[in-house]
Protein chains: 2
Amino acid sequence: MAVNLDNFDRKLLAEVQRDAQVPQNELGARVHLSTAAVNRRLRRLAEEGVIDRYCAVLAPEKVDYPLTIVTTVEVESEQIDLIDAMKRTFAQCPQIQQCYYVAGEWDFVLILTARNMEQYNELTRELFFSNNNVKRFKTLVSMSRVKAGMSVPVDLSDE
Amino acid sequence: MAVNLDNFDRKLLAEVQRDAQVPQNELGARVHLSTAAVNRRLRRLAEEGVIDRYCAVLAPEKVDYPLTIVTTVEVESEQIDLIDAMKRTFAQCPQIQQCYYVAGEWDFVLILTARNMEQYNELTRELFFSNNNVKRFKTLVSMSRVKAGMSVPVDLSDE
DNA sequence: TCTGAAAATGGACCTTT
DNA sequence: AAAGGTCCATTTTCAGA
């Protein structure tokens with residue numbers, strides 16, 4: 001599952017997670033590698049799927065999506081096809097940024113973004129109230145996005 | 001707070017959220033704009049802060065961080081400096097990808113990533129058990145990352 | 001690691017609204 | 001003025017020696 005990475009790879013991954021616009025010659029200077037070596041490594045990391053994709057991260061409030069809401073959902077039945085159907089519904093909804101199928105007190109945790117409470121209300125109607133397999137759900141409204149991102153730690157080893 | 005955007009901007013934002021590696025001439029072809037116009041718009045969007053940053057998204061399991069865990073935390077006191085201290089602690093922790101300070105049954109929601117349960121256990125010790133202001137916390141272990149990302153919907157208007 | 005070709009970015013300048 | 005288009009210089013990427 002995991003891929004063999006040396007410390008050059010790890011440093012590069014740390015850099016491009018933070019900022020993917022740094023040119024390869026600058027990356028090379030930072031990690032002490034030639035531009036060409038950086039180029040080859042980044043390509044390899046992308047081919048191996050270590051780097052899943054490159055994307056732009058928007059400031060939600062600037063595109064008028066100021067609300068972030070965490071919703072926990074408990075289902076009626078864990079029957080596999082019912083769960084799969086819910087996963088598909090949640091995955092398709094553009095306002096749902098993240099959906100985790102979890103073990104514990106709840107079955108799903110959703111991270112949602114919304115223009116306002118009315119839109120969230122509307123979403124709860126579509127996603128939860130009109131779904132017979134939703135037993136109950138709980139809403140936690142974010143007052144502050146203390147930290148937001150998808151960064152994974154890359155621990156340097158002392159190989 | 002929100003910025004004025006026309007449908008060209010919105011289409012570009014949708015594209016670069018999905019894939020920031022598409023060259024500007026290709027983006028131009030997709031949205032019917034010249035390369036130079038795309039270039040100008042993307043720069044402007046970045047300057048205005050609509051585009052916060054560009055970054056690489058890693059596959060957590062490939063860098064040996066296969067676990068995603070959602071943790072909800074209730075605090076003892078909501079005294080402002082105690083809360084601020086916790087926010088700083090959470091923001092600094094590399095395994096914490098996201099931290100929301102929320103209203104509702106809990107005070108914080110954390111999205112964490114970990115190499116294994118032992119590491120998570122260790123983290124709970126550092127973050128929660130050794131913090132006097134943590135009243136209780138609950139752990140939800142993700143069995144499936146149904147959807148993960150930071151994408152914000154960009155609704156086209158019919159201006 | 002170096003060199004050079006190809007591609008992509010980004011500025012200059014002109015035109016339209 | 002504000003924004004689009006074309007053209008050209010510069011920068012960056014990326015393959016071959």
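Between B/N4 atom CG and D/dA3 atom P there is a gap of 11 Å when expressed in whole angstrom units. For the pair B/L33 CG and C/dT9 C1', the computed distance is 16 Å after rounding to whole Å. Here the P atom of nucleotide D/dG4 and the CG atom of B/L12 are 10 Å apart, to the nearest Å. For B/N7 and D/dG4, the CG to P distance is 13 Å, given to the nearest whole Å. Atom CD in B/E47 sits about 16 Å away from atom P in C/dT9, given to the nearest Å. Taking atom OH of residue B/Y54 and atom C1' of nucleotide C/dT9, one finds them 12 Å apart after rounding to whole Å. For B/F8 and D/dG4, the CZ to C1' distance is 9 Å, given to the nearest whole Å. For A/R41 and C/dT1, the CZ to C1' distance is 14 Å, given to the nearest whole Å.
The closest side-chain donor-acceptor pair between A/S151 and A/R18, if any, does not fall under 3.5 angstrom. Residues A/E76 and A/N133 have side chains that never bring a donor and an acceptor to within less than 3.5 angstrom of each other. In this model, no donor atom of one side chain and acceptor atom of the other lie less than 3.5 Å apart for A/R136 and A/T72. Checked by atom type, the side-chain pair B/D81/B/Q79 shows a donor-acceptor distance below 3.5 Å. Judged by distance alone, the side chains of A/D84 and A/Y101 never bring a donor and an acceptor atom under 3.5 Å apart.
Counting heavy-atom neighbours within 6.0 Å of B/K138 NZ, excluding the residue itself, gives a total of 12 or less.
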message = For a quick check, with a 4.0 angstrom heavy-atom cut-off, what is the B/S/- contact string for nucleotides 12-17 of chain D, read 5' to 3'?
response = SSBS--

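In this structure, B/S34 does not reach the D/dG4 phosphate: none of its side-chain N or O atoms is under 4.0 Å from OP1 or OP2.
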